[in-house]
Amino acid sequence: MAIKRLGDWRKLPVSLTELCIDTTLRCGQSFRWRKINDEWTCALRGRLLSLKQDSTHLHYKVTWPEVPPAPEADDTEELLHHYFSLSLDLGSLYEQWSQVDPNFRKRAPTFSGVRILSQDAWEALVSFICSSNNNISRISQMVHKLCRHYGPLIAYVGDEAIHDLPGPGDLVGPEVEAHLRELGFGYRAKYIAQTARIVAKEKPNSWLESLRNPQSPSFASEKLPESQHKTYREAHDELLALAGVGPKVADCVCLMGLGWGESVPVDTHVWQIAQRDYKMGKTKSKTFNKAMYDAVGDHFRELWGPYAGWAHSVLFTADLREFAEAGIKKEGSVKEVKVKEEIIEEVTGPRRKRKTVETTIESQVKLEDAKVETDLEIRRTSKRRQTRASSRTNKGG
DNA sequence: ATTAAGCCTTGGCA
DNA sequence: ATGCCAAGGCTTA
């Protein structure tokens, strides 16, 4: 299939504190963006998008497939504006969160420009069904397999075929579950096949969209009549009825796919953050049940306000192992590695024993300067930092 | 109503 | 080498 209409680079003015794509595109929100030749690339709404960023602008390039014909008016700028919610002033949100929350104030400077992506609701639903008991690397592999085997071909980047995400209707065949199992989806194969069938066949066409926050319209928006408007809680409850969708996955779909900014997905990381930095769950039953799930979300909503989910993702990102290593140089001498361990201890808090490593002035400087590098070579330099308690919800193996 | 075990797979680590 | 644990949980008993 020939691909035509290679566009030119265009740009939008946006600062790195308002949007940092190196962080936002790989912090576990969307699993389809890939960095190829120093450009972030993803098929989105029928076109191939490539992104680069400097301190003042987001640069973008669009490639349309030959079929179907590209639309007359290219709406890519509007798409990006919507996808990144660029009309939202992230700087003042960070200020507000910092004023009410010392912990946020401490962590946020290293992780500026982290935004919630306005993803397609179906993409969020499928992606986060895959996310259960799983890690970002494998989730990404699974979502890419889903695209490669069931989604439309959009373009080639070098030898690599880039497919868009399949719709629910593309996943209703009788062999889908077995095939997904062969592809390594494990027990999630059934959930995806069932959910696709329900969304495509049992629910009305606009069901997913009807769960959207009316104040956060979708990109391809036919506005829903007011009588069909749902609340965040109603949207969350309806999603819970789907197979493979529990409270956490439902919140991910609400936050990233349906525009509910107050939604706070509480996963094992966020639960650890809540315990470590907000002293939650220290008394009473230590078990992490539904009541505790709701309590954590409610606490953060009270603290951070209507965009609590956005604030949550900043701290979540700061806690990801990959990002805890932010700001470290690639060259990995032994000394560098040790410095890195020191920084990780710094970022993840005082609860664990500190390594017996001297703090260097150098490391302090680096920590402050820690803007995320994309190609960190050194991985897993520190030993397992997970505590026993955190494995509660995780009986796998 | 609440709790614990089982689930697919990959990769790091002892 | 072999086994165990952890990875952005959900379902079932």
Side-chain angles (χ1 to χ4, degrees), chain A residues 23-24 26-31 114 116-117 119 124-146 177-195 236-237 239-257 263-275 284-297 300 309 312-325 341 348 378-397:
Chain A
T23 313
T24 300
R26 64 195 182 101
C27 67
Q29 293 189 54
S30 168
F31 302 93
V114 178
I116 296 296
L117 302 171
Q119 297 185 69
L125 180 54
V126 170
S127 301
F128 287 102
I129 286 176
C130 292
S131 79
S132 81
N133 202 12
N134 212 343
N135 55 60
I136 292 178
S137 163
R138 186 173 167 222
I139 300 163
S140 302
Q141 290 178 47
M142 287 161 66
V143 174
H144 280 120
K145 281 180 186 171
L146 204 60
E177 178 184 341
H179 184 211
L180 292 181
R181 276 193 176 266
E182 283 174 26
L183 293 175
F185 282 63
Y187 60 85
R188 304 164 196 86
K190 181 164 68 178
Y191 300 154
I192 291 176
Q194 284 181 354
T195 296
H236 192 264
D237 282 351
L239 289 167
L240 281 182
L242 297 169
V245 179
K248 187 267 179 181
V249 170
D251 267 321
C252 287
V253 178
C254 282
L255 177 64
M256 303 168 201
S263 173
V264 179
V266 182
D267 58 26
T268 173
H269 279 244
V270 176
W271 173 233
Q272 286 176 65
I273 292 170
Q275 292 177 100
K284 306 198 73 173
S285 67
K286 293 199 155 191
T287 48
F288 185 72
N289 51 26
K290 181 66 164 72
M292 188 58 78
Y293 183 97
D294 292 336
V296 172
F300 285 135
H312 129 283
S313 87
V314 177
L315 297 190
F316 173 83
T317 301
D319 221 54
L320 281 179
R321 192 196 310 275
E322 194 175 359
F323 289 100
E325 299 175 355
E341 284 179 349
T348 56
I378 310 164
R379 314 182 69 79
R380 305 192 55 84
T381 54
S382 77
K383 293 203 285 211
R384 216 182 287 138
R385 296 185 305 283
Q386 199 84 0
T387 57
R388 199 68 193 86
S390 70
S391 65
R392 183 178 310 99
T393 60
N394 196 353
K395 305 287 191 197

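Just so it is clear: chains get the letters A, B, ... in the order the sequence lines come, proteins before strands, and each one is counted from 1. Here the structure is a predicted model, which is why all the values come from computation and not from measurement. Scope of the values below: all heavy atoms of this structure, side chains included, with no hydrogens, waters or symmetry mates.
- Of the inter-residue distances, the one linking Cys130(A) atom SG with Arg188(A) atom CZ reads 7.5 Å to the nearest 0.5 angstrom.
- At a threshold of 4.0 angstrom between heavy atoms, the contacts of Pro247(A) are confined to the sugar-phosphate backbone, with no base atom among them.
- We find that CG of Asn133(A) is positioned 7 Å from C1' of dA7(C), with the value rounded to whole Å.
- Side-chain atoms of Asp251(A) and Tyr293(A) form a donor-acceptor pair, as typed in the model, at a separation below 3.5 Å.
- Comparing the same atom, P, in dC4(C) and in dC7(B) gives a spacing of 16 Å after rounding to whole Å.
- When heavy atoms are screened at a 4.0 angstrom cut-off, Glu182(A) is found touching no nucleic acid atom at all.
- Checked against the 6.0 Å centroid threshold, Phe316(A) and His269(A) count as a close aromatic pair.
- Gln272(A) places its CD atom 10 Å from the P atom of dG9(C), with the value rounded to the nearest Å.
- Checking the phosphate oxygens (OP1, OP2) of dG11(B), no side-chain nitrogen or oxygen of Arg138(A) falls inside 4.0 Å.
- The residue Ala291(A) sits apart from the nucleic acid: no heavy atom pair falls under 4.0 Å.
- Note: CD1 (Ile136(A)) to P (dG11(B)) measures 15 Å, nearest angstrom.
- Spacing of P atoms, dA5(B) relative to dC5(C), comes out at 14 Å, to the nearest Å.
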Watson-Crick and G-U pairing of DNA chain B, under 3.5 Å, as dot-bracket with | and [ ]: ..|||||.||||||
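- Rounding to the nearest 0.5 Å places CG of Asp319(A) at 12.5 Å from SG of Cys27(A).
- Between the base of dG9(C) and the side chain of Tyr187(A) there is a donor-acceptor pair shorter than 3.5 Å.
- In terms of position along DNA chain B, the nucleotide closest to Arg188(A) lies nearer the 5' end than the nucleotide closest to the other residue of the pair Arg188(A) and Ser137(A).
- Within the nucleic acid shown, Cys27(A) comes within 4.0 Å of at least one base atom, counting heavy atoms only.
- Atom CD in Glu177(A) sits about 12 Å away from atom C1' in dC8(B), given to the nearest Å.
- Listed candidates were dT10(B), dC8(B), dG9(C). Nearest to the side chain of Asn135(A) is dT10(B).
- The residue Val266(A) sits apart from the nucleic acid: no heavy atom pair falls under 4.0 Å.
- Heavy-atom minimum distance, Val249(A) versus Ser131(A): CG2-OG, 4.4 Å.
- No engagement by Val270(A) is indicated, since no non-hydrogen atom pair under 4.0 Å with the nucleic acid exists.
- Counting non-hydrogen atoms under 4.0 angstrom, Ile129(A) reaches nothing in the nucleic acid.
- Side chains of Tyr187(A) and Ser132(A): a donor-acceptor N/O pair is present below 3.5 angstrom, by distance only.
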Would Phe185(A) and Lys190(A) satisfy side chain to side chain contact (heavy atoms under 4.5 Å, CB included), going step by step from the backbone distance to the final call? CA-CA 9 Å; Phe185(A) 282 63; Lys190(A) 181 164 68 178; over 6 Å; no
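- The CG-P distance, from Asn289(A) to dC10(C), rounds to 14 Å in whole Å.
- The CG atom of Leu242(A) sits 12.5 Å away from the OH atom of Tyr191(A) when rounded to the nearest 0.5 Å.
- Straight-line distance from the CD atom of Gln141(A) to the P atom of dT9(B): 13 Å, rounded to whole Å.
- Nearest nucleotide to the side chain of Lys248(A), out of dG9(C), dC8(B), dT11(C): dG9(C).
- In this entry the distance linking CD1 of Ile192(A) with P of dC8(B) reads 13 Å, nearest Å.
- Using a 4.0 Å heavy-atom criterion, one finds that Leu242(A) contacts the sugar-phosphate atoms exclusively.
- Of the P atoms belonging to dC8(B) and dA13(C), the separation is 14 Å, rounded to the nearest Å.
- Of the two residues near DNA chain C, Phe31(A) and Ala241(A), the one whose nearest nucleotide lies more 5' is Phe31(A).
- Protein atom CZ of Phe185(A) is 17 Å distant from nucleotide atom P of dG9(C), rounded to whole Å.
- Note on Arg181(A): only backbone sugar-phosphate atoms sit closer than 4.0 angstrom, heavy atoms only; bases stay farther off.
- To the nearest 0.5 Å, atom CD1 of residue Ile129(A) and atom CE of residue Met142(A) are 10.5 Å apart.
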